[in-house]
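First the structure, in the form of structure tokens, and then the observations on it.
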Amino acid sequence: MVCIFKQALHLAHMFFNQVITLIKKDFRLELRQKFSIAGMLLYVLATLYICFLAFRQIIDPVTWNALFWVINIFAAINASAKSFIQQPEGEHLYQYLLVPPQAVIVAKIIFNAILLTVISLVTFFFYALFIGNLAGNIPLFIGCLVLGNIGLASVLTMVSALASRANNPAALMAILSFPLLFPLLLILLRLSKTIVDDLGMDTELKYFIMLGGMSVLSLTLGYILFPYLWRD
Amino acid sequence: MSNILQKKWWKITGLVLVFYAIVGGMLLPVPARDILNETIRNLYYHVTMWFTMIVLLTISVIYAIKYLSNFNINYDIIAREINKVAMLFALLGLFTGMLWAKFTWGAYWTSDPKLNGVAASLLVYAAYFLLRNSLDDSEKRARFAAVYNIFAYVMMLVFILIMPRLTASLHPGNGGNPAFASYDLDNQMRLVFYPAVIGWILVGLWIASIQIRHQFLIKKIND
């Protein structure tokens, strides 16, 4: 019994190490090609400036909320689309031989979640600067951003893995991910609306739990299903 | 599998039940309700479409899981053809629902969570067929389609089952509206409604089974 437990612990430890190494690798790659993250930020800034030119100041909470999430969602899809497309064939095979597919997907999801959170924090900062901030409770709003981006990352990474092997990955990415994101987006919109309206902790907590549940659900699905996409 | 597909008894049962639902649905007495009036008869034709769609999609997901567990290409054909028929029923359910909505709520399309759920699931399955068409290798196509099928089914289920409970809905049973059981569906209507559900599910399976056999024959010729 103790032996089995030790073995399980050892396996978990190994898995954890593999995930950490893969995340480190992704960060190193990202920092090496600075143009890709800079490109993402420029994309967000340009979009925000267009919105600023169009709207000037937004006072209506519904519009403020909707616009923020539309900008965020497009940035997230663009940022996570390349998680598998960028990889050259050789690297793919090399990883396939070295680590289990589960480690690859978990590492990618964590990496994407961090990347998307950074992008959306920058978006929020400039959005507040240009268009105005309606969120009264900023720490809570940032919490909503972080949790929302974890959910987005877990769906989008999986879709990116699906789209990357198809003929037209960029177009397919948007088509496949939008309908799958509907439930998550609806919860996110509701949650950030309640934060803007300051409806109190009761409703917010309910939405936070649902958001967490959605993330766990899509993470589990990714963990189970990704090995079938990985082997070719 | 092929055995039960070729049996006649369940097809005849399905046809008889659907025929009964059409005739009985038009002629048998229904409770008189405000606003709904005689449109309450649409229950037999609208709600049954959704039941059939959900059943078909569930069977399709089971075949997608079966495909991933032993990579038999026939399971992929079955899952795909069942999804096609399910989309047909989704569209029929949508049209009958739109007509009903026009007469009771005043508009063909409202921002109702159930309608959004249907729109989302139609988009999801349209994307499913698009994904299939954009992969060339048939083995890879089957594998990716199965993965997307499972992923999409769970997301769709979350959307259409949980979402309406979050928000106000014009549909009975959600957001403070009384449910079928307590209000429209009296015992008289149950006599038609339940046979109609079973009948349409059987007919849906029949259509799917013809499609599947047709595709199997095409595959045989191509091989």
Side-chain angles (χ1 to χ4, degrees), chain A residues 84 101 105 151 154-191 193-194 203 206-207 209-211 213-232, chain B residues 61 64-71 76 90 111-169:
Chain A
F84 290 96
I105 188 76
S154 49
V155 175
L156 287 174
T157 312
M158 194 59 195
V159 174
S160 152
L162 272 166
S164 64
R165 306 295 155 72
N167 286 338
N168 190 357
L172 209 59
M173 181 72 197
I175 294 163
L176 291 179
S177 54
F178 271 123
L180 291 184
L181 286 177
F182 274 6
L184 196 70
L185 269 180
L186 216 71
I187 300 174
L188 271 174
L189 280 168
R190 286 276 147 70
L191 174 60
K193 181 81 187 351
T194 49
T203 29
K206 189 180 90 184
Y207 287 128
I209 292 170
M210 289 180 69
L211 208 54
M214 283 295 297
S215 307
V216 170
L217 183 73
S218 45
L219 203 75
T220 319
L221 279 174
Y223 186 87
I224 298 168
L225 293 174
F226 183 72
Y228 295 104
L229 302 178
W230 193 227
R231 36 151 260 160
D232 47 10
Chain B
V61 166
I65 295 169
K66 269 186 156 176
Y67 176 78
L68 288 183
S69 61
N70 64 8
F71 299 105
D76 176 57
S111 173
D112 189 86
K114 288 220 168 144
L115 283 164
N116 291 336
V118 168
S121 39
L122 277 172
L123 285 175
V124 161
Y125 283 93
Y128 168 83
F129 290 111
L130 212 85
L131 175 71
R132 293 193 69 95
N133 284 328
S134 60
L135 289 157
D136 296 326
D137 177 44
S138 71
E139 191 269 340
K140 194 200 265 181
R141 182 196 299 147
R143 197 149 40 83
F144 277 50
V147 168
Y148 184 74
N149 199 351
I150 298 167
F151 203 72
Y153 178 79
V154 175
M155 290 294 156
M156 186 205 69
L157 218 58
V158 167
F159 201 85
I160 62 176
L161 293 181
I162 297 174
M163 278 309 135
R165 281 160 185 71
L166 264 186
T167 42
S169 170

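Computed from heavy atoms alone, side chains included, the values below leave out hydrogens, waters and symmetry copies. Convention: sequence-line order gives letters A, B, ...; per-chain numbering from 1. The shown structure was predicted, so the numbers you read here are calculated from the model rather than taken from an experiment.
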Given Phe144(B) and Tyr148(B), is the ring-ring contact (aromatic ring centres under 6.0 Å, His included) satisfied, shown in steps?
CA-CA 6 Å; Phe144(B) 277 50; Tyr148(B) 184 74; over 10 Å; no
Working to the nearest 0.5 Å, report the span between CG of Leu186(A) and CE of Met210(A).
9.0 Å
Gap separating the CG atom of Leu185(A) from the CE atom of Met214(A), nearest 0.5 angstrom:
9.5 Å
Under 4.5 Å, counting heavy-atom pairs only, tell me which of [options] racks up the most with chain A.
{"options": "Leu135(B), Val147(B), Leu123(B)", "result": "Val147(B)"}
{"options": "Glu139(B), Met155(B), Met156(B), Arg141(B)", "result": "Met155(B)"}
{"options": "Ser121(B), Ala120(B), Ala119(B)", "result": "Ala120(B)"}

Best-contacting candidate, Ile175(A), Val155(A), Val159(A), against chain B by heavy atom pairs under 4.5 angstrom:
Ile175(A)
So does Ser154(A) get a backbone contact from the side chain of Thr157(A), meaning a donor-acceptor N/O pair under 3.5 Å?
no
For Tyr228(A), does its backbone N or O pair with a side-chain atom of Arg143(B) as donor and acceptor, under 3.5 Å?
yes
Of the backbone (N, CA, C, O) and the side chain (C-beta and beyond), which part of Leu181(A) lies under 4.5 Å from a heavy atom of chain B, both, or neither?
neither
Part of Leu176(A) within contact of chain B (heavy atom distance under 4.5 Å)
both
Could you check, using the six-membered ring where one of them is a Trp, whether Phe182(A) and Phe178(A) have ring centers closer than 6.0 angstrom?
no
Is it the backbone or the side chain of Tyr125(B) that comes under 4.5 Å from a heavy atom of chain A, or both, or neither?
neither
